[in-house]
*Asks:* 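The structure under discussion is supplied below as structure tokens; questions concerning it will follow.
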Amino acid sequence: MHGDAQERALAFLLETHLLSADEAREALGVAARVLQSGLARLAATAAAGNGPACAEAAHGLKGNLLNLGLPELAHTAQHAMNVARQGNLEAALAQGQTLALALGPLLNTAADAD
Amino acid sequence: MSFTRRLRRLPPKRPGRRDRRPGLSPVAGTARLSVRAPDADGGRLARLSSIMAALDQGIAFVSPEGQVAEINDRYLSWLGQPREAVLGQGLDALHLESEDYQAGAFLELFRRRVAHAPVSFSSRLGRRDVTVKLQPVLESGFFIGLIVSVIDVTPLVEARLSVEREKSFLEQVITIAGAAICIVNRDDVVVTINDEFTAITGYSRDQALGRRRAELLRESPPSPCPALPGDAAVQRRESHILTSAGHRLTIRKNAAPILDDQGRATGGIESFVDVSDLIRARLQAEEASRMKSAFLANMSHEIRTPLNAIMGLSQLLLKTSLAPEQRECVETMRAAGEGLLVILNDILDFSRIEVGRMEIRPAPTDIDRLLEEVRRVMAPGAGERGLTLAIERDSRLPRVLVVDPVRLKQILLNLLSNAIKFTTRGRVTLSAARLRSHFRDDGPVAIQFRVRDTGPGIAEEQLERIFEPFVQAEDAMARNPGGTGLGLSISNRLVRLLGGTGLEVATHVGRGSTFYFTLRLHEPEAGIVARPADLPLPPAADFGGLRILVAEDNPFNRFLLQKILEKLGVVSMAFAANGAEALRMILDATSSPRPYHVVFMDLRMPDLDGLEVTRRVRQAGVATPIVALTAQAADDDARRCREAGMSDYFSKPYRINELEAVLSGLVSET
């Protein structure tokens with residue numbers, strides 16, 4: 001099912017945003033790098049005990065995931081944001097790991113592109 | 001010879017004797033005195049008799065023995081008696097009844113012939129109110145008779161009673177008025193208050209009367225004395241006063257001068273009610289409404305996100321190999337999720353309309369395109385039910401008209417959805433026609449949209465209520481028990497918000513129904529021309545001339561927005577990766593010959609966030625439209641954006657149609 005996140009994002013970019021195939025692939029590459037960066041920031045800020053920054057990172061992820069047509073993952077990011085705001089950074093970190101797992105193949109797009 | 005002297009010649013102590021001298025016949029009355037002998041006394045007597053006859057008051061002379069010796073015609077007419085019936089009679093014949101103590105005492109003195117001082121009193125003579133004066137006549141210290149003078153004061157008494165009745169009526173009105181009333185004189189000193197005034201202010205009459213109104217009520221802001229000359233119209237205002245206990249109240253009052261018949265102010269009157277509780281309740285209601293809206297927006301966000309997840313995951317599951325029973329379960333789950341989403345959207349829309357927060361965004365709209373989009377959405381559903389879905393377009397209809405495309409589409413989709421839902425065979429037709437009676441070169445175009453079905457029709461008794469919220473026809477309940485009953489109500493209200501008079505329906509049981517509404521829409525101003533229909537669904541306007549700044553720190557969101565804008569034909573775009581850069585670029589561009597037409601601004605950016613950038617832009621006097629981009633969906637966000645000076649707002653994911661609507665609005669304004 002993880003692979004489906006990538007497929008669904010691709011379909012969303014094609015059908016909803018009306019991107020061409022090349023544009024959609026390029027967009028996925030950009031998205032992958034941004035998501036990787038966001039997840040890393042979420043993990044780092046959680047580890048540093050910085051709740052507001054962690055919530056901010058989660059919020060950025062949420063916006064990206066919504067624009068990728070992945071609302072269920074956006075919901076996970078929202079949850080990470082909520083718990084980070086409450087100071088529960090361990091839970092926020094766990095939500096980040098869930099996202100990383102779900103987005104695995106998509107994130108690999110960045111590595112492939114590099 | 002005086003009247004009294006003439007009488008003095010009467011022999012004393014001869015009660016009942018009448019003056020039988022010529023010319024003094026009681027029957028002839030005083031008028032005959034004027035023709036008596038022209039000697040000196042006779043002349044005076046004649047003049048006095050004429051005066052007596054001419055007087056408006058009744059005059060009688062009573063002898064010391066208490067007999068009426070003379071009386072004028074006026075008095076006789078009031079008594080309703082002939083002269084001979086009165087002359088020689090006792091005082092009773094003059095009807096001088098009175099309960100006045102002084103009158104009784106005087107008559108007692110008169111009987112004893114020792115009355116000296118005159119007395120006046122009020123009495124009744126028949127239906128008349130009279131003032132009686134009894135004047136003893138003395139000559140050389142001897143009591144020689146009594147003059148009875150009677151003045152008819154009926155008009156005066158009636159006028160006084162009328163004033164008293166009016167005053168009593170006004171006092172009743174003031175007493176029972178549901179408002180505090182305070183009457184002041186020209187010096188703004190309180191002269192009258194009512195019980196309600198005491199109830200509201202805590203000041204009793206003793207405490208209020210005689211004090212200056214301004215000092216008593218300590219009104220804020222102070223109001224001028226209502227008796228001041230000037231506009232005589234009622235002045236209405238809302239202000240604050242302090243009660244005797246020092247509590248601050250909000251009052252809503254009317255004040256006006258009191259004018260006399262010459263139009264001069266003799267005082268002033270003001271009435272007021274305590275609206276403190278009302279205002280408090282209104283503020284609480286507004287706060288409750290705001291909280292309800294915020295709650296609904298938050299709930300929509302909190303519910304829709306997991307709901308989307310449920311539906312998305314259901315879709316994914318359906319793509320996997322499932323056992324038939326599992327597939328059925330998942331399909332049911334997905335369908336239930338969709339139904340829930342529809343209900344949720346209905347409730348949110350209805351709530352927004354109820355609290356006046358449904359924003360209508362008119363924009364040049366390609367009507368052909370809109371009708372085609374609607375057809376595409378509904379065609380699969382109609383096909384599944386074996387129905388024909390037809391679109392009929394009037395060839396006289398302009399291609400592009402200014403209307404909120406989102407709301408118009410929502411109405412048409414709702415009507416078509418209902419029609420398809422309740423029609424088991426036949427066809428459903430959506431038509432858009434220009435009304436013949438509204439052909440004019442200038443002014444709006446009247447378009448009637450009709451959705452006609454060959455369904456069961458609606459019974460007459462159900463027609464009256466179908467546009468009410470939460471009402472469903474019996475048949476609808478049977479077919480769609482999970483519905484909210486809000487669809488038609490929302491559509492009806494949306495039609496009104498778009499400027500129409502509401503939904504109408506024509507129906508025949510067993511033959512079908514037609515729901516229709518009319519909108520008067522303007523064509524875009526010259527220069528806004530729809531692009532040729534080189535695509536199935538062409539954009540409604542040309543955005544090639546727009547210059548746009550995208551302020552977004554997230555590279556993916558920035559990239560995506562760039563691509564979407566390119567799809568819409570935007571050529572000139574600039575990008576800022578943080579708030580400070582965005583601020584600098586906006587201000588620089590504003591002072592250049594090529595300012596931006598619009599800025600898309602992410603709310604959360606490093607250093608300066610989008611709200612702060614917007615505030616500074618507005619402080620700099622720059623009016624460039626700024627559209628907020630956010631991943632939130634709370635109404636509170638919309639409010640904060642508006643307060644910061646943003647022109648529009650939408651949440652992620654970006655929707656090409658929403659972006660297009662924003663740009664269309666801009667094009668129509670440029």
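Keep in mind the model is a prediction, meaning the values are calculated, not measured. Letters A, B, ... are given to chains in the order of the sequence lines, protein chains preceding strands, and every chain is numbered from 1.
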*Asks:* Sort A:Leu13 into side chain, backbone, both or neither according to what part of it lies under 4.5 angstrom from a heavy atom of chain B.
*Replies:* side chain
*Asks:* Compare every heavy atom of A:Leu68 with every heavy atom of B:Phe556, then report the nearest pair and how far apart it is.
*Replies:* CZ-CD2, 3.3 Å
*Asks:* For residues 558-566 of chain B, which side-chain donor-acceptor pairs fall under 3.5 Å, sequence neighbours excluded?
*Replies:*
unit_1	atom_1	unit_2	atom_2	d
B:Arg558	NH1	B:Glu552	O	2.7
B:Gln562	NE2	B:Glu566	OE2	3.3

*Asks:* Taking only residues two or more places apart in sequence or in another chain, which ones pass ring-ring contact (aromatic ring centres under 6.0 Å, His included) with A:Phe12?
*Replies:* A:His17
*Asks:* Using heavy-atom distances under 4.5 Å, tell me whether B:Asn554 contacts chain A through its side chain, its backbone, both, or neither.
*Replies:* side chain
*Asks:* Which residues from residues 324-332 of chain B are near chain A, with near meaning under 4.5 Å between non-hydrogen atoms?
*Replies:* none
*Asks:* Could you report the tightest heavy-atom contact between A:Leu66 and B:Pro653, atom names first, then the distance?
*Replies:* O-CB, 3.0 Å
*Asks:* With a 3.5 Å cut-off and sequence neighbours excluded, list the donor-acceptor pairs that the side chains of residues 86-105 of chain A form with protein atoms.
*Replies:*
unit_1	atom_1	unit_2	atom_2	d
A:Asn88	OD1	A:Ala91	N	3.1
A:Thr98	OG1	A:Ala94	O	3.0

